[in-house]
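Note that this is a predicted model, so its numbers are computed, not measured.
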Amino acid sequence: METAICGRVSLSPNHVFNNHKPGDKHAIYRGPCTNRGILMTISAAGPGKGGGLLDRPTIEKTTPGRESGFDVRKSRKMSPPYRVMLHNDNYNKREYVVQVLMKVIPGMTVDNAVNIMQEAHINDLAVVIICAQADAEEHCTQLRGNGLLSSIEPASGGC
């Protein structure tokens with residue numbers, strides 16, 4: 001239930017829901033506001049429900065052994081990087097490899113996909129992306145699911 005109120009008004013349920021005499025400074029005014037005061041709108045569920053009061057906010061507490069979404073994102077950013085490697089094969093056409101790379105790897109452009117495909121074709125191996133281990137495993141699984149040969153390795157050592 002919404003009620004328009006002119007001027008200064010107490011927000012207790014008794015003042016909002018009880019009838020008042022015209023001219024009472026705490027009365028509910030149901031017409032255009034003739035007073036130059038502030039027009040306010042309050043919501044109340046009914047008498048005794050604490051009209052005008054806000055509910056106490058709930059704070060999510062994580063239990064031991066359970067990470068919140070923020071902690072998972074933070075740990076992904078903090079985890080050591082892994083390389084997703086694309087291996088050359090004699091089965092898939094070059095155009096198909098480019099299409100799969102663009103479908104599986106977020107933000108992959110045509111130019112980057114062509115360069116990665118060419119590098120794998122010439123050198124038998126190419127780095128597709130460097131990312132967190134969980135993401136690298138997911139990308140590798142998706143590439144394999146589309147018929148490409150791929151693997152992951154830690155990015156910390158070597159070239």
Worksheet entry | Partners meeting side-chain hydrogen bond (donor to acceptor under 3.5 Å, both in side chains) with R94 (sequence neighbours left out) | Q118, H121
Practice prompt. Carefully, step by step, assess H139 and I129 under the rule side chain to side chain contact (heavy atoms under 4.5 Å, CB included).
Written response: CA-CA 9 Å; H139 295 320; I129 190 171; 4.0 Å; yes
Worksheet item: Excluding sequence neighbours, so at least two apart, what forms side chain to side chain contact (heavy atoms under 4.5 Å, CB included) with A136?
Response: Y82, V84, C131, I152
Discussion item. Using the rule given for side chain to side chain contact (heavy atoms under 4.5 Å, CB included), can you reason through M102 versus V98, listing the C-alpha separation, both sets of side-chain angles and the distance that settles it, and then say yes or no?
Written reply: CA-CA 6 Å; M102 290 173 44; V98 170; 4.0 Å; yes
Fill in: Fellow cluster residues of Y91, listed by chain then number, with links counted only when side-chain atoms sit under 4.5 Å apart
none
Discussion item. Going by side-chain hydrogen bond (donor to acceptor under 3.5 Å, both in side chains), name the residues that satisfy it together with E137, two or more places apart in sequence or in a different chain.
Written reply: Q133
Which donor-acceptor pairs under 3.5 Å do side chains of residues 103-116 form with protein atoms, sequence neighbours excluded?
residue, atom, partner, partner atom, Å
K103, NZ, N146, OD1, 2.9
T109, OG1, N112, N, 3.2
T109, OG1, N112, ND2, 3.4
N115, ND2, D111, O, 3.3

Worksheet item: Within a strict 4.5 Å, meaning less than it, do heavy atoms of the L143 and L101 side chains meet?
Response: yes
Worksheet entry | Nearest atoms (heavy-atom pairs only) where P81 meets I130 | CB-CG2, 3.7 Å
Practice prompt. Report the distance from atom CZ of R144 to atom OG of S151, rounding to the nearest 0.5 Å.
Written response: 7.0 Å
Worksheet entry | N88 side chain vs I122 backbone, donor-acceptor pair below 3.5 Å | no
Worksheet item: Taking only residues two or more places apart in sequence or in another chain, which ones pass side chain to side chain contact (heavy atoms under 4.5 Å, CB included) with L125?
Response: M85, H87
Worksheet item: Between CD of Q142 and SG of C140, what distance do you get to the nearest 0.5 Å?
Response: 10.0 Å
Worksheet entry | Those residues that, when tested against Q99, pass side-chain hydrogen bond (donor to acceptor under 3.5 Å, both in side chains) (two or more places apart) | none
